[in-house]
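Some notes on the structure that comes next.
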Amino acid sequence: MGPTTTTLADVLVPWFRAHARDLPWRRPGTTAWGVLVSEIMLQQTPVARVEEPWRSWLERWPRPSAMAAAPASEVLRAWGKLGYPRRALRLHAAAQAIAADHGDVVPADVETLESLPGIGTYTARAVAAFAHGRRVPVVDTNVRRVVARAVLGRADAGAAASRDLADTEALLPDDTTDAATMSAALMELGATICVARTPRCADCPVSGACAWQRLGRPAGDGPARKAQRWAGTDRQVRGRLLDVLRGAPGPVPAAALDAAWLTDPAQRARCLDSLLVDGLVEQLADGRFCLPGEQ
DNA sequence: AAGACGTGGCA
DNA sequence: TTGCCAAGTCT
């Protein structure tokens with residue numbers, strides 16, 4: 001057998017073991033449920049904002065069945081201002097499904113995980129790999145960017161494609177444990193070194209093997225993402241409405257919600273209706289509004 | 001298959 | 001200050 005070539009994993013796995021951030025859900029002893037909760041909270045939300053809530057959640061609801069027994073309103077209140085509150089509602093529903101149909105054990109199988117509410121392509125594989133040690137590619141925005149640069153020589157990842165999973169699978173070492181570590185390492189590199197705006201190539205452990213570096217770091221095709229507006233959007237109004245409900249100890253009269261958005265009553269009404277449709281708000285027989293499952 | 005969906009920090 | 005960006009999912 002001739003000399004083997006050095007792979008990305010040969011460099012990244014040791015780098016990760018030496019440089020990984022000490023995040024609470026990566027500590028030994030973290031349950032699969034703990035990993036699942038962290039993955040849901042981390043969807044589109046920065047690590048720094050998740051650490052504290054994650055600890056409280058696991059302390060309060062250490063198992064799926066514990067959360068399943070709580071009313072959705074309490075889950076929504078505990079979610080606080082993490083953003084995208086539908087995630088909390090879906091996590092609550094997932095906890096109920098896990099408690100009722102899976103013996104209170106978080107599934108290890110990707111297909112089963114994907115069948116749970118709020119768990120998609122990324123989260124299913126993250127749980128399978130990080131909580132259960134399965135050898136499956138885990139592809140998030142960080143991994144897609146790292147692969148785009150280091151392997152494909154492009155400045156940024158294009159739109160997500162089914163090809164991404166295969167591209168990443170090819171980078172995983174055969175050893176099952178190392179494969180999970182490699183996935184974590186790719187994510188860590190993308191989150192701390194190979195970042196979107198200003199990559200710190202001088203500190204990168206794989207710069208010597210990076211295709212984008214070799215090509216002279218060619219510029220990308222401009223903004224890959226459309227700018228997301230905020231002021232005056234339905235999202236802002238929905239956030240305001242929900243904030244009133246979270247802050248109240250129980251059901252509130254319609255007037256309390258009216259006061260949350262005076263600018264455009266029609267928009268306020270439309271947003272309240274959409275929250276009702278989404279199951280994030282409920283209306284009582286007496287006309288008052290409340291968080292789901294309250295009273 | 002684009003677009004909707006929260007929130008806050010940072011350059 | 002404005003705009004970009006953050007471990008996505010669902011329709």
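Letters go in sequence order (proteins before strands), and every chain restarts at 1.
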Roughly, in whole Å, what's the span from CD in Gln44(A) to C1' in dC5(B)?
-> 9 Å
Side-chain H-bond candidate by donor/acceptor type, Arg87(A) with Thr45(A), under 3.5 Å = yes
Tell whether Arg87(A) reaches the base of dT9(C) with its side chain through a donor-acceptor pair below 3.5 angstrom.
-> no
Please determine, by modelled atom types, if Asp178(A) and Thr181(A) share a side-chain donor-acceptor pair under 3.5 angstrom.
-> no
Side-chain contact check for Arg90(A): nearest option of dG8(C), dC10(C), dA7(C) is dC10(C)
How long is the line joining CG of Leu280(A) and P of dT9(C), in whole Å?
-> 18 Å
Under 3.5 Å, is there a donor-acceptor pair between the Arg90(A) and Tyr84(A) side chains?
-> no
What interatomic distance, in whole Å, is found between P of dG6(B) and the corresponding atom of dT11(C)?
-> 14 Å
Select base, sugar-phosphate, or nothing to describe what Gly83(A) touches, counting heavy atoms under 4.0 Å on all strands.
-> base
Under 4.0 Å between any heavy atoms, over every strand shown, what does Leu82(A) touch: base, sugar-phosphate, or nothing? Just pick one.
-> base
Does any donor atom in the side chain of Ser274(A) or Arg238(A) lie under 3.5 Å from an acceptor atom in the other side chain?
-> yes
Determine the contact category for Thr198(A): base if any of its heavy atoms lies under 4.0 Å from a base atom, sugar-phosphate if only primed atoms, P, OP1 or OP2 are that close, otherwise nothing.
-> nothing
With respect to the side chain of Leu42(A), which nucleotide from dG8(B), dA7(C), dC5(B) is positioned closest?
-> dA7(C)
Rounded to whole angstroms, how far apart are CD on Glu188(A) and C1' on dA6(C)?
-> 14 Å
When Pro117(A) and Phe130(A) are each assigned the nearest nucleotide of DNA chain C, the 5'-most assignment goes to Phe130(A)
Winner on side-chain proximity to Trp25(A), out of dC5(B), dA7(C), dT9(C), is dA7(C)
On a whole-Å scale, what distance lies between the P atoms belonging to dG3(B) and dC4(C)?
-> 16 Å
Under 4.0 Å: is that the gap between some side-chain N or O of Arg246(A) and OP1 or OP2 of dT7(B)?
-> yes
Pro46(A) side chain: which of dA7(C), dG6(B), dA6(C) is closest?
-> dA6(C)
Atom CD of Glu51(A) and atom C1' of dA6(C) are separated, to the nearest Å, by 14 Å
Let me know the distance between CZ of Arg270(A) and P of dA4(B), rounded to the nearest Å.
-> 12 Å
Could you work out which one of dC5(B), dA6(C), dT9(C) sits closest to the side chain of Arg145(A)?
-> dA6(C)
Between Leu241(A) (CG) and dC5(B) (P), how many Å, whole number?
-> 13 Å
Most 5' of Gly118(A) and Glu39(A) on DNA chain C, judged by nearest nucleotide | Glu39(A)
Ignoring hydrogens and angles, answer whether the base of dG6(B) and the side-chain atoms of Thr45(A) contain a donor-acceptor pair closer than 3.5 Å.
-> yes
Gap in Å between the two P atoms, one belonging to dA11(B) and one to dA7(C), rounded = 15 Å
Output the single nucleotide from dC5(B), dT9(C), dT7(B) whose closest atom is nearest the side chain of Arg238(A).
-> dC5(B)
Separation of dG6(B) P from Gln236(A) CD (nearest whole Å) | 12 Å
Within 6.0 angstrom of Arg163(A) CZ, more than 12 heavy atoms from elsewhere | no
Which whole-number value in Å describes the distance from Asp156(A) CG to dA6(C) P?
-> 10 Å
From dA7(C), dC5(B), dA6(C), pick the nucleotide closest to the side chain of Ala196(A)?
-> dA6(C)
For Leu186(A), answer base if it contacts any base atom (sugar-phosphate contacts may also be present), sugar-phosphate if it contacts only those atoms, and nothing otherwise; contact means non-hydrogen atoms under 4.0 Å.
-> nothing
Given the side-chain rings of Trp57(A) and Trp79(A), with only the six-membered ring counted for Trp, is the space between their centroids under 6.0 Å?
-> yes
Contact class for Thr123(A) (heavy atom, under 4.0 Å): base, sugar-phosphate, or nothing?
-> sugar-phosphate
Taking Asp101(A) for the side chain and Ile98(A) for the main chain, is one N or O donor matched with an acceptor at less than 3.5 Å?
-> no
Assign Val143(A) to base, sugar-phosphate, or nothing according to its heavy-atom contacts below 4.0 angstrom with the strands shown.
-> nothing
Side chain of Arg197(A) (C-beta onward), nearest among dG3(C), dA4(B), dT7(B) = dG3(C)
